[in-house]
S.K.: 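A single structure is presented below for examination.
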Protein chains: 4
Amino acid sequence: MITETFLLTDWSVFDIMPPMDKKQEIIKSALTLFCDKGFSETDIDSVAKSAGVGKGTVYLYFKDKKDLFISSTTYALNYFNNDLEKKVGEGKKAKERLKIYIDHSLSILTSNKAITRFFITEVLETMRRCGKKDMVVDHSIFLKRYDILKKILDEGMKNKEFKNVNRDSISVMILGGINMIMTKHLIFGNKVEKKELLEFRNSVLEIISKETK
Amino acid sequence: MITETFLLTDWSVFDIMPPMDKKQEIIKSALTLFCDKGFSETDIDSVAKSAGVGKGTVYLYFKDKKDLFISSTTYALNYFNNDLEKKVGEGKKAKERLKIYIDHSLSILTSNKAITRFFITEVLETMRRCGKKDMVVDHSIFLKRYDILKKILDEGMKNKEFKNVNRDSISVMILGGINMIMTKHLIFGNKVEKKELLEFRNSVLEIISKETK
Amino acid sequence: MITETFLLTDWSVFDIMPPMDKKQEIIKSALTLFCDKGFSETDIDSVAKSAGVGKGTVYLYFKDKKDLFISSTTYALNYFNNDLEKKVGEGKKAKERLKIYIDHSLSILTSNKAITRFFITEVLETMRRCGKKDMVVDHSIFLKRYDILKKILDEGMKNKEFKNVNRDSISVMILGGINMIMTKHLIFGNKVEKKELLEFRNSVLEIISKETK
Amino acid sequence: MITETFLLTDWSVFDIMPPMDKKQEIIKSALTLFCDKGFSETDIDSVAKSAGVGKGTVYLYFKDKKDLFISSTTYALNYFNNDLEKKVGEGKKAKERLKIYIDHSLSILTSNKAITRFFITEVLETMRRCGKKDMVVDHSIFLKRYDILKKILDEGMKNKEFKNVNRDSISVMILGGINMIMTKHLIFGNKVEKKELLEFRNSVLEIISKETK
DNA sequence: CATGAATGAGAATTCATTCAT
DNA sequence: TATGAATGAATTCTCATTCAT
């Protein structure tokens, strides 16, 4: 049941988000810029301008630059996690769910470099920069993607769809593999070959699937 | 032949490097600080002081801060790659080499958080920050770790030690898994459990080894 | 007739003022904050909040921050001057009036540092800041305390209660002495010793009293 | 021995100070501007420009604006105190010394409003602003003028030049009187009448002198 | 080669004031 | 009247980079 179709979701995400109020508008602009230029090289003035508000308005909603960063990051990760969970939920069996999980995660690659980079590095920066002093970050956001994956694996093993594998190691390899593919593309900037993504996903499925030989 | 021993290399690396000349000294200091505080939050003055030279001297050897960053990063990555290659070369058979490869890579975790973070994020930052304008980075450094791994896999498959797997997908999963474990520890800052590392390595070996029993 | 009693008036003043309308409420809050933190470090938002009104409301009653400052200052000084005059009026003879004058003035010390500081410096600041451009301050407020004192001295000299002294110089010394005692306590923040205040007042009375014994 | 001459020292002080190095230059400019506009309304950029140095240079010598303020103030007060002490030392007898003390102190009035105001208010501001957190101010500077005065009084009483008075109260009155005269002139900005200064000084001498009737 | 004093462009942050409701 | 969201001018402070010695 290894298919050749690869679901590509459109992730030009920050524009999808509904522009409800000024705060949302600022978060959207902040995300775009933080993605594009990183924390240090993004200045509040640009965020404000891009959001179409005054510089002072940013400080009306966020204590300081760090706060803006954490808030944006948290917002985006929640957004993605929820999306992922919803999509995965549409799969009927574990194997299909895992397929969706991988495809959906990798589809970030088709949006733009900035978002890819954001997912890989900026999130870590969040932790470092903010885990330090006065900021508290909700670590659970970062575990969410793990949890979704582990649940699929557990289910698949119970259903005898999957081999009996070390759930933790395998999930680390799957999630890590996804990240690594993104990293590679980020670094080398070459076109994303559907073939590579397919091979990866199929390899994963092959590895854990009970050989229905 | 799945062993329970896990080779832990000491990676208090930057001090190992032989302090040959002033340039080396500056690179060493730069690495330590970039690891610790990231690019933006590291200032040239600290680097100079820590290296025991004048601020102006830094500019004698490096065009600007970016140049210092690239040079240090490149230096460190080469250093690690060479080390990894040498260590791996000591393994007799593919399976043993793969074991060494994984153990050695993960042993970075036992040195310190800063170095781990450096390996995961800073390298990507290098690309972004420097791929932009005037700087050219030698991408091959980042491929080196791949190449070493792929060579092992190819060899193992030729020797019939390993199953016939998709080499690219598997290497992405292994390297990605290693990174992911490091990332997890970086984010949650919990103690590194030898057990987890062992399980990961053994899972990998199990997956690609021919005799599943 | 040099007594050992020292009249201590309670100067937790700004709360005594009757909270008639919103404008009064704002003045009261402004005074408290200007006293406590000075002009520059007091922000309109705090004043509004502390007065229980909206920020815009402040601008309904006062042209700008300067105006608020002048108005509050003027209000407070008038308030104190009137109080002083009333109290002094209760004395029967010049010597007693002088005693009341000094005691009452010094009793500000027993209220709190902020008010003391206000009386010594902020008033001068008012002049400087406002004598500049668009604001006109009624200087007569500052002369009032002088006038009250001089009247007592004149009366005392006419009555032969006091020696024939240079009225201007003596009043400068008395008023200046009072200020200086306050200043000292402000700077060194030590407890106000009743003894010191008594000695000062008695010295003054001794100097100008006819019967030195 | 009440003379009609009044010694007027030239206090265009900040220009007298020898322009030794950049730090001195900055202190001089800072003093002039702080005097003129107060702490809050003086901005570092102006100080730098007026001192003929770059903005960054100010921060090379002073931790921050507060530090610059304290340093300048301390410098100026020491400067004045030393000058006063030297001048007073030239007087042969207590009465003459006291005369010099008063004349010299009041001669600040002949310089300019800014310096006068500085002596009266800014010093207090120093205390408030800086006695707060991280700054330590040497209170002894503020006691110096008292000490010089008290020493004169003690000496005079021992010599039987002066009556036996309450030294503390009298010194408070003298110093306070001097300040009050300055304050008055500061507020009303009228011309300084030599007559007034003379009367004040002579009144003081009269009060404490043994009637050599 | 080495140095570190000097610089000023640039960034974060504050807050008086306005104005639509 | 009363409000408080929105604003941007103004200010403090940092730090990469230069250059005279």
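Chain letters run A, B, ... following the sequence lines, proteins first, then strands; residues in each count from 1. The structure presented is a predicted model; accordingly, all values stated were derived computationally and were not measured. Computed over heavy atoms, backbone and side chain alike; hydrogens, waters and symmetry mates excluded.
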S.K.: Rounded to whole angstrom units, what separation is found between the CZ atom of F69(C) and the P atom of dA16(E)?
M.R.: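 Checked: the CZ to P distance equals 13 Å.
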S.K.: Rounded to whole Å, how long is the line connecting atom CD1 of I26(A) with atom C1' of dT7(F)?
M.R.: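 That distance rounds to 12 Å.
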S.K.: Specify the separation, in whole Å, of atom NZ of K49(D) and atom C1' of dA6(E).
M.R.: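 It works out to 16 Å between those atoms.
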S.K.: Please check: side-chain N/O of T57(A) versus main-chain N/O of V53(A), any donor-acceptor pairing under 3.5 Å?
M.R.: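 Answer holds: no.
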S.K.: Whether K22(C) contacts dA2(F) is assessed here as follows: a side-chain N or O lying under 4.0 Å from the phosphate OP1 or OP2. Is that the case?
M.R.: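 Checking dA2(F) against K22(C), a side-chain N or O does come within under 4.0 Å of OP1 or OP2.
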S.K.: Between protein and nucleotides 8-13 of chain F, map the contacts as a letter string: B base, S sugar-phosphate only, - none, heavy atoms under 4.0 Å, written 5' to 3'.
M.R.: B-B-SB
S.K.: Who are the side-chain contact (heavy atoms from CB on, under 4.5 Å) partners of S29(A), not counting sequence neighbours?
M.R.: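 Applying side-chain contact (heavy atoms from CB on, under 4.5 Å) to S29(A) gives V47(A), S50(A), A51(A).
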S.K.: What does Y61(A) touch in the nucleic acid at a heavy-atom separation under 4.0 angstrom: a base, only the sugar-phosphate, or nothing?
M.R.: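 The answer is sugar-phosphate, as Y61(A) gets under 4.0 Å only of primed atoms, P, OP1 or OP2.
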S.K.: Find out whether the Lys NZ or Arg CZ of K23(A) is both under 6.0 angstrom from the six-membered ring centre of Y75(A) and within 45° of the ring's axis.
M.R.: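 Geometry flag: not set, cation outside 6.0 Å or 45°.
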S.K.: Look at the aromatic rings of F39(A) and F34(A) and report parallel, tilted or perpendicular, splitting at 30° and 60°.
M.R.: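 Parallel.
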S.K.: Only one of D43(A), I70(A), I44(A), V58(A) passes side chain to side chain contact (heavy atoms under 4.5 Å, CB included) with K65(A); say which it is.
M.R.: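 Going through D43(A), I70(A), I44(A), V58(A) one by one, the side chain to side chain contact (heavy atoms under 4.5 Å, CB included) with K65(A) is satisfied by I44(A) alone.
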S.K.: Taking C-beta and beyond as the side chain, do D64(A) and L68(A) meet within less than 4.5 Å on heavy atoms?
M.R.: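 No, too far: nothing below the 4.5 Å cut-off.
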S.K.: Under a 3.5 Å cut-off on both pairing distances, which runs of 3 or more consecutive Watson-Crick or G-U pairs involve DNA chain E?
M.R.: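 Output for stems: E:2-21 with F:2-21.
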S.K.: Check whether any side-chain heavy atom of D21(B) sits under 4.5 Å from a side-chain heavy atom of Q24(B), and report yes or no.
M.R.: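 The answer is yes; the side chains approach within 4.5 Å.
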S.K.: When you measure from the side chain of T42(A) to the backbone of L33(A), do you find a donor-acceptor pair of N or O atoms at a distance under 3.5 Å?
M.R.: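 Looks like yes, one N/O pair under 3.5 Å.
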S.K.: Which whole-number value in Å describes the distance from L33(C) CG to dC15(E) P?
M.R.: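 Distance check: L33(C) CG to dC15(E) P gives 13 Å.
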S.K.: Nearest-Å distance, CG (L60(C)) to P (dT17(E))?
M.R.: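 Spelled out: CG on L60(C) to P on dT17(E) is 15 Å.
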